[in-house]
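Numbers here simply count residues along the sequence, with the first being 1.
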Amino acid sequence: MRILAIDVGTGTQDMMLYDTEKELENSIKLVLPSPHLYVSQEIRNTDNDIYLTGEIMGGGKIKNTLLEHMEKGYDVVMDSKCARTIRDDLEQVKSFGFKIDDDMTKYREYSKIFLKDINLTKLYGFLLGYDLEFGFDEIAIAVQDHGYNENMGDRDFRFEKIREKISEPISPLEFGFKEDLPEYYTRMQAVKRTVRSEGVKKIPLVMDTKFASIAGMCYDEVAMKLDSFIVIDIGNGHTTAASIENGKIQGVFEHHTSSLTGESLERYIKRLASGEITNEEVYNDHGHGAHVLNPISEIEKVIVSGPKRELIEKTCLDWHHAAPGGDVMMTGTVGLIKTIQGR
């Protein structure tokens with residue numbers, strides 16, 4: 001079986017094409033700029049009014065780049081679907097000064113920019129240039145999705161759904177969705193539509209980037225020898241940690257990386273392991289929250305991943321940089337692959 005795994009992060013999109021008949025280390029791997037970065041560059045390179053169409057995608061720098069474009073005197077219009085890249089609430093999108101109009105025919109003179117998180121056609125062309133086969137049996141994609149509820153803020157809603165999912169100890173692999181993907185995960189739904197529009201008949205597995213990383217870290221060579229440990233993804237925007245015992249998540253907390261210091265991170269990790277951490281202490285510190293079912297026996301090791309993982313070096317914890325398959329950049333893609341296999 002051949003599995004294509006794509007992990008779309010803030011800085012990079014990491015891809016692995018894995019053949020189960022070969023060693024994981026011999027997979028085709030790519031690390032490319034995150035899609036929002038080259039969309040932002042396309043905007044900066046455009047000396048014209050812009051009409052955006054397409055899908056919901058990770059916003060990243062796009063909003064600020066569009067605001068800069070309007071400051072130059074250009075008009076920015078977008079259709080109502082891709083406008084949710086800026087905010088799920090379209091009234092908030094309009095409040096920034098962007099126009100929303102689904103009739104693209106009125107904007108023939110505008111430069112068109114198409115938004116989407118996944119571009120399989122471009123990937124196919126790239127691999128074909130190396131005479132490499134691109135066929136796959138399964139596709140798995142990770143993006144970060146806070147979910148959307150018009151009556152609740154993103155920070156609250158995201159963690160409420162994490163809390164609901166971990167109502168009992170579960171394997172990180174259970175965070176993958178296929179047919180069971182909830183409608184409120186608007187960015188993941190957009191990924192499914194994009195994959196379908198590119199001719200893939202197989203329903204993709206979609207997963208939040210943080211839990212794809214957590215799953216991948218559990219398959220690190222060191223982690224697989226442990227019974228009781230912490231996994232933590234220290235990302236550009238968010239830091240997510242889970243306590244693991246006997247292969248199952250016993251508790252989790254999520255915070256904003258910029259709000260953490262080595263001291264506070266160490267404190268949160270220890271309190272997560274002991275089961276003492278509370279949702280209120282993390283939330284009131286401007287984080288997303290915490291949820292603990294059980295303490296773990298001990299912290300045998302802290303397994304760490306993510307672009308800001310150097311923060312762990314400011315703690316006194318016993319840590320190890322995750323490198324499943326021998327590659328620190330492929331933690332999320334390995335998590336996706338293991339989730340496909342686990343299903």
Side chain of T315, backbone of L317: donor and acceptor closer than 3.5 Å? yes
Is it the case that more than 12 heavy atoms not belonging to Q41 sit under 6.0 Å from its CD atom? yes
Does some side-chain heavy atom of S34 sit less than 4.5 Å from a side-chain heavy atom of T12? no
Greater than 12 external heavy atoms within 6.0 Å of Y124's OH: no
A290 and V282 have their tightest heavy-atom pair at CB-CG2, 3.9 Å
Just by distance, no angles: are the side chains of N64 and E68 close enough, under 3.5 Å, to form a donor-acceptor pair? no
One pair to check against side-chain hydrogen bond (donor to acceptor under 3.5 Å, both in side chains): S297 and E245. What are the steps and the verdict? CA-CA 8 Å; S297 304; E245 187 146 294; 3.0 Å; yes
Check this for me: does any side-chain nitrogen of one of E174 and K165 sit under 4.0 Å from a carboxylate oxygen of the other? no
Please find out if less than 6.0 Å separates the ring center of Y268 from that of H255. yes
Please determine, by modelled atom types, if T240 and E254 share a side-chain donor-acceptor pair under 3.5 angstrom. yes
Rounded to the nearest 0.5 Å, the CD1 atom of I162 sits from the NZ atom of K210 at a distance of 10.5 Å
Would the distance check show the side chain of H69 and the main-chain N or O of R44 forming a donor-acceptor pair, the cut-off being under 3.5 Å? no
We want to know whether Y107 and D101 form a side-chain donor-acceptor pair, criterion being a heavy-atom distance below 3.5 angstrom. yes
Polar side-chain atom of N149 near backbone of N151 as donor-acceptor pair, under 3.5 Å: yes
Spacing of CD1 belonging to I230 relative to CD1 belonging to I312, to within rounding of 0.5 Å: 10.0 Å
Test side-chain contact (heavy atoms from CB on, under 4.5 Å) applied to I113 and Y51, step by step: CA-CA 6 Å; I113 294 179; Y51 184 90; over 6 Å; no
Reported CD-to-CZ distance for the pair E164 and F159, which is rounded to 0.5 angstrom: 12.0 Å
How long is the span from the CG atom in L205 to the CD1 atom in I340, to the nearest 0.5 Å? 4.5 Å
Taking K202 first and then D137, would you say they form a salt bridge - that is, a charged N and a carboxylate O separated by under 4.0 Å? no
Indicate whether any N or O donor in one side chain lies under 3.5 Å from an N or O acceptor in the other, for Y110 and D75. yes
May I ask you to check whether H256 and H238 place their ring centres under 6.0 Å from each other? yes
Under 4.0 Å between a side-chain nitrogen and a carboxylate oxygen: does that hold for E266 and K270? yes
Hey, what do you get for CE (M207) to OG1 (T209), rounding to the nearest 0.5 Å? 10.0 Å
Looking at R163 and E160, does any basic side-chain N land under 4.0 Å from a carboxylate oxygen? no
Determine yes or no for a side-chain-to-main-chain donor-acceptor pair under 3.5 angstrom, with R343 supplying the side chain and L173 the backbone. no
To the nearest 0.5 angstrom, please state how far the CE atom of M15 sits from the CG atom of L30. 6.5 Å
Is there a donor-acceptor contact under 3.5 Å linking the side chains of E42 and N45? no
Would you name the heavy atoms of Q13 and P33 that are closest together and state the gap between them? NE2-O, 3.1 Å
Heavy-atom pair with the smallest gap, counting every atom of S305 and T331: OG-OG1, 3.3 Å
Looking at S264 and S259, what are the two nearest heavy atoms and their distance? OG-O, 4.4 Å
Do I170 and F175 make a side-chain contact, defined as non-hydrogen atoms from C-beta onward lying under 4.5 Å apart? yes
Check V231, I249, T339 against P172 for a side-chain contact (heavy atoms from CB on, under 4.5 Å) and give me the one that passes. I249
For D180 and K178, indicate whether the former's side chain and the latter's backbone hold a donor-acceptor pair under 3.5 Å. yes
Check: D208 side chain, Q144 main-chain N or O, donor-acceptor pair, under 3.5 Å: no
Under a 4.5 Å cut-off applied to non-hydrogen side-chain atoms, are I100 and V93 in contact? yes
Side-chain heavy-atom pair D220, V334 within 4.5 angstrom cut-off: no
When you compare the side chain of I118 with that of I141, does any pair of heavy atoms fall below 4.5 Å? yes
Taking NZ in K161 as the centre, count heavy atoms belonging to other residues, nucleotides or ligands within less than 6.0 Å. Is the count above 12? yes
D102 side chain to S80 backbone, donor-acceptor under 3.5 Å: yes
Geometric cation-pi criterion, R155 with Y283: 6.0 Å, 45°: yes
Does anything in residues 6-15 form a salt bridge (charged side-chain N to carboxylate O under 4.0 Å, His left out)? List the pairs, not counting sequence neighbours. none
Please examine the side chains of F98 and L52, heavy atoms only from C-beta on, and report whether any two atoms are closer than 4.5 Å. no
Report yes or no: do T10 and N236 form a side-chain donor-acceptor pair below 3.5 Å? no
Do the side-chain N and O atoms of N48 and T46 include a donor-acceptor pair separated by under 3.5 angstrom? no
When you check the gap from the basic side-chain N to the acidic O, do R193 and E55 get nearer than 4.0 Å? yes
Would you check if the distance from the ring center of F157 to the ring center of Y184 is below 6.0 Å? yes
Tell me whether D145 contacts the main-chain N or O of M188 through its side chain, where contact means a donor paired with an acceptor under 3.5 Å. yes
More than 12 heavy atoms of other residues, nucleotides or ligands under 6.0 Å from NZ of K29: yes or no? yes
Pairs in or reaching into residues 109-126: which pass salt bridge (charged side-chain N to carboxylate O under 4.0 Å, His left out), with residues at least two apart or in two chains? K116-E198, D117-R187
Any side-chain heavy-atom pair from D318 and I299 closer than 4.5 angstrom? no
Before you tell me yes or no, could you show the steps for L336 and I6 under side-chain contact (heavy atoms from CB on, under 4.5 Å), namely the whole-Å CA-CA distance, both residues' side-chain angles and the distance that decides it to 0.1 Å? CA-CA 8 Å; L336 288 167; I6 304 175; 5.7 Å; no
Connected-component partners of I56 among ILVMFWY, side-chain separation under 4.5 Å: none
Sidechain N-carboxylate O distance under 4.0 Å for E21, R2: no
How far apart are the closest heavy atoms of S167 and L293, and which atoms are they? O-CD2, 3.8 Å
Is the closest side-chain heavy-atom distance between P35 and V8 below 4.5 Å? yes
Answer yes or no: is there a donor N or O on one side and an acceptor on the other, between the side chain of E221 and the main chain of A322, under 3.5 Å? no
Might you confirm whether atom NZ of K22 has over 12 heavy atoms from other residues, nucleotides or ligands at distances under 6.0 Å? no
Heavy atoms only: give me the nearest D233-S213 pair and the separation to one decimal. OD2-OG, 2.7 Å
Residue pair E276 / S274, side-chain donor-acceptor N/O under 3.5 Å: yes
Quick check against the 3.5 Å criterion: does N284 have a side-chain atom that pairs as donor or acceptor with the backbone of E280? yes
